[in-house]
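None of the values given here were measured: they were computed from a predicted structure.
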Amino acid sequence: MAHDHVLEDRPPAGVMSQLEPGIRRIIAPNPSPMTYWGTNTFVLGEGDVAVIDPGPADKTHLRALLDGLERGERITQILVTHSHLDHSPLAGPLSEVTGAKVHAFGDAVAGRSAVMTELVARGLASGGEGVDAAFRPDIYLSDGEIFTAGGCQVEAIWTPGHFSNHLSFTAQDAVFTGDHIMGWASSLVSPPDGDLTAFMSSCQKLAQRRDRIYYPAHGAAIDTPAARIAWLIGHRKSREANILDLLSDGRPATIPTLTKAIYTETPKALIPAAERNVFAHLIDLATREIVAARPQLDARAEFLRIA
């Protein structure tokens, strides 16, 4: 998963740092193979400020965030990119302490596609990435909605793919990309919460913009946004080509077989995530009628190339 596009010495958790005028960052103490150095919580503006991605339910992080503000500053809005457990759970406690309302696209199933809804109905469960199923925003934001937060004009851009309710937020020619685009790794796309068809569409949507910098929710800022999106799209297309190549002999194959053939150097602990990644591609290919699933589209199916 790791990619060395943007690597930076790990900053300390719990320390508020200025990234540029009007944008600060404080890192939650939740480093892991899935979160890199931890969740980046951003503070937008000065005085009356907005918080983007408050992070996991961690009292230490809540205290560090409040203590990291300047004297007299107050949090007036809480913006959440998506409802994974490393992003949204602190929104409720932070709202209680500050009175700030929580803004997001919707709950954990908002924006889910018909094909994913059908897979869930057939029993496909989330892959253990940690969904905040209880999450409900106070204020529901729609795609393209423009509002003021932290004294800045902010646009909410619906960027499903990593998660169906994923928003990116723009302010000051910067985009807070959540987990949709990161520098240290390619985004995890794990069905049913992750949707590769939507992910590719969201990448194209951001590629049409001319933003100056990306601030992802994990890892360092990305100061070459166009190049990073091009890499991500290319990476996904090469994975698709790997899968189609393995299916080109006309024989059906299962997800574990394909994963083993493609992810030859992946540590054993990450193979389940890799399998869900392969499944994400196969769902996309089945949606586009390039492969067929037998007897039906689910994680246990055999997949056959038909186009």
To check you understand the geometry: which heavy-atom pair defines the closest contact between [X] and [Y], and what is its length?
X: A125; Y: P192; result: O-CD, 3.5 Å
X: P29; Y: H61; result: CD-CB, 3.9 Å
X: L79; Y: A149; result: CD1-CB, 4.4 Å
X: D138; Y: A100; result: OD2-O, 4.4 Å
X: T254; Y: T257; result: OG1-OG1, 2.8 Å
X: Q172; Y: C152; result: OE1-SG, 3.6 Å

Do [X] and [Y] touch side chain to side chain, with heavy atoms closer than 4.5 Å?
X: V43; Y: L65; answer: yes
X: I75; Y: V49; answer: yes
X: S17; Y: R25; answer: yes
X: S113; Y: S164; answer: no
X: R236; Y: C203; answer: no
X: P56; Y: H84; answer: no
X: D284; Y: I290; answer: no
X: F303; Y: V278; answer: no

Let me check something: do [X] and [Y] share a hydrophobic cluster, defined by ILVMFWY side-chain heavy atoms less than 4.5 Å apart, either directly or through other members?
X: L124; Y: V131; answer: no
X: L19; Y: V154; answer: yes
X: I213; Y: I52; answer: yes
X: F163; Y: L141; answer: no
X: L85; Y: M34; answer: no

Output yes when a side-chain donor or acceptor of [X] lies under 3.5 Å from a complementary backbone atom of [Y], and no otherwise.
X: R24; Y: G45; answer: yes
X: S95; Y: A91; answer: no
X: T81; Y: H166; answer: no
X: T287; Y: I283; answer: yes
X: R305; Y: A307; answer: yes
X: E275; Y: A299; answer: no
X: H162; Y: L188; answer: yes

Taking the six-membered ring for Trp and the single ring otherwise, decide whether the centroids of H180 and F199 are under 6.0 Å apart.
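Aromatic pair counts; centres sit under 6.0 Å.
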Evaluate the criterion side-chain contact (heavy atoms from CB on, under 4.5 Å) for residue pair L90 and I78; output intermediate values, then yes/no.
CA-CA 10 Å; L90 202 63; I78 300 164; over 6 Å; no
Full working for side-chain contact (heavy atoms from CB on, under 4.5 Å) between L282 and L258:
CA-CA 10 Å; L282 290 164; L258 292 167; 3.9 Å; yes
Give me each pair satisfying salt bridge (Lys or Arg N to Asp or Glu O under 4.0 Å) with a member in residues 96-105, each pair once, sequence neighbours excluded.
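Listed once each, the pairs would be none.
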Residue pairs involving residues 31-54 (criterion salt bridge (Lys or Arg N to Asp or Glu O under 4.0 Å); sequence neighbours excluded)
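Output for this query lists D48-R74.
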Can you tell me how far the [atom1] atom of [X] sits from the [atom2] atom of [Y], to the nearest 0.5 Å?
X: R300; Y: I255; atom1: CZ; atom2: CD1; value: 10.0 Å
X: F176; Y: I23; atom1: CZ; atom2: CD1; value: 4.0 Å
X: L285; Y: I243; atom1: CG; atom2: CD1; value: 6.0 Å
X: T266; Y: N277; atom1: OG1; atom2: CG; value: 9.5 Å
X: M116; Y: L119; atom1: CE; atom2: CG; value: 6.5 Å
X: L196; Y: F279; atom1: CG; atom2: CZ; value: 12.0 Å

Would you check, one step at a time, whether the test salt bridge (charged side-chain N to carboxylate O under 4.0 Å, His left out) holds for K205 with D143?
CA-CA 12 Å; K205 190 177 190 174; D143 184 28; 2.9 Å; yes
So, S168 and T159: side-chain donor and acceptor under 3.5 Å apart, yes or no?
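Yes, a side-chain donor-acceptor pair sits under 3.5 Å.
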Considering the options Y140, F135, W158, F169, which one meets the ring pair (Phe, Tyr, Trp, His ring centres under 6.0 Å) requirement together with F105?
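Checked Y140, F135, W158, F169 against F105; only one passes ring pair (Phe, Tyr, Trp, His ring centres under 6.0 Å): W158.
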Are D193 and R112 close enough for a salt bridge, meaning some N to O gap below 4.0 Å?
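Salt bridge flag = yes for R112 with D193.
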Quick test of your reading of the model: are E118 and R122 salt-bridged, counting only N-O distances below 4.0 Å?
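Counted as a salt bridge, because a side-chain N and a carboxylate O are separated by less than 4.0 Å.
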If you count heavy atoms of other groups shown closer than 6.0 angstrom to [atom1] of [X], is the number above 12?
X: R251; atom1: CZ; value: no
X: Q296; atom1: CD; value: yes
X: E289; atom1: CD; value: no

side-chain contact (heavy atoms from CB on, under 4.5 Å) partners for A64, two or more places apart:
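With neighbours one apart ignored, the set is I26.
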S201: side-chain contact (heavy atoms from CB on, under 4.5 Å) partners, not counting sequence neighbours:
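S201 satisfies side-chain contact (heavy atoms from CB on, under 4.5 Å) with no other residue.
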Over-ring placement of R10 relative to Y36, 6.0 Å and 45° cut-offs
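So R10 doesn't make the cation-pi contact.
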For V51 and T98, run side-chain contact (heavy atoms from CB on, under 4.5 Å): C-alpha distance rounded to whole Å, both residues' side-chain angles, the deciding distance at 0.1 Å, then the answer.
CA-CA 11 Å; V51 167; T98 61; over 6 Å; no
Could you walk me through whether D107 and S83 satisfy the side-chain contact (heavy atoms from CB on, under 4.5 Å) test, starting with their C-alpha distance in whole Å, then the side-chain angles of each, then the deciding distance to 0.1 Å, before giving a yes or no?
CA-CA 7 Å; D107 66 15; S83 51; over 6 Å; no
Apart from V109 itself, which Ile, Leu, Val, Met, Phe, Trp or Tyr residues share its cluster (side-chain heavy atoms under 4.5 Å, direct or through members)?
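In the cluster with V109 there is nothing else; it is isolated.
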Under 3.5 Å, side-chain donor or acceptor atoms of residues 214-221 against the rest of the protein: list the pairs with distances, not counting sequence neighbours.
| from | atom 1 | to | atom 2 | distance (Å) |
| --- | --- | --- | --- | --- |
| Y215 | OH | E20 | OE1 | 2.5 |
| H218 | ND1 | T35 | O | 3.0 |
| H218 | ND1 | G38 | O | 3.2 |
| H218 | NE2 | D86 | OD2 | 3.2 |
| H218 | NE2 | H87 | NE2 | 3.2 |
| H218 | NE2 | D179 | OD1 | 3.1 |

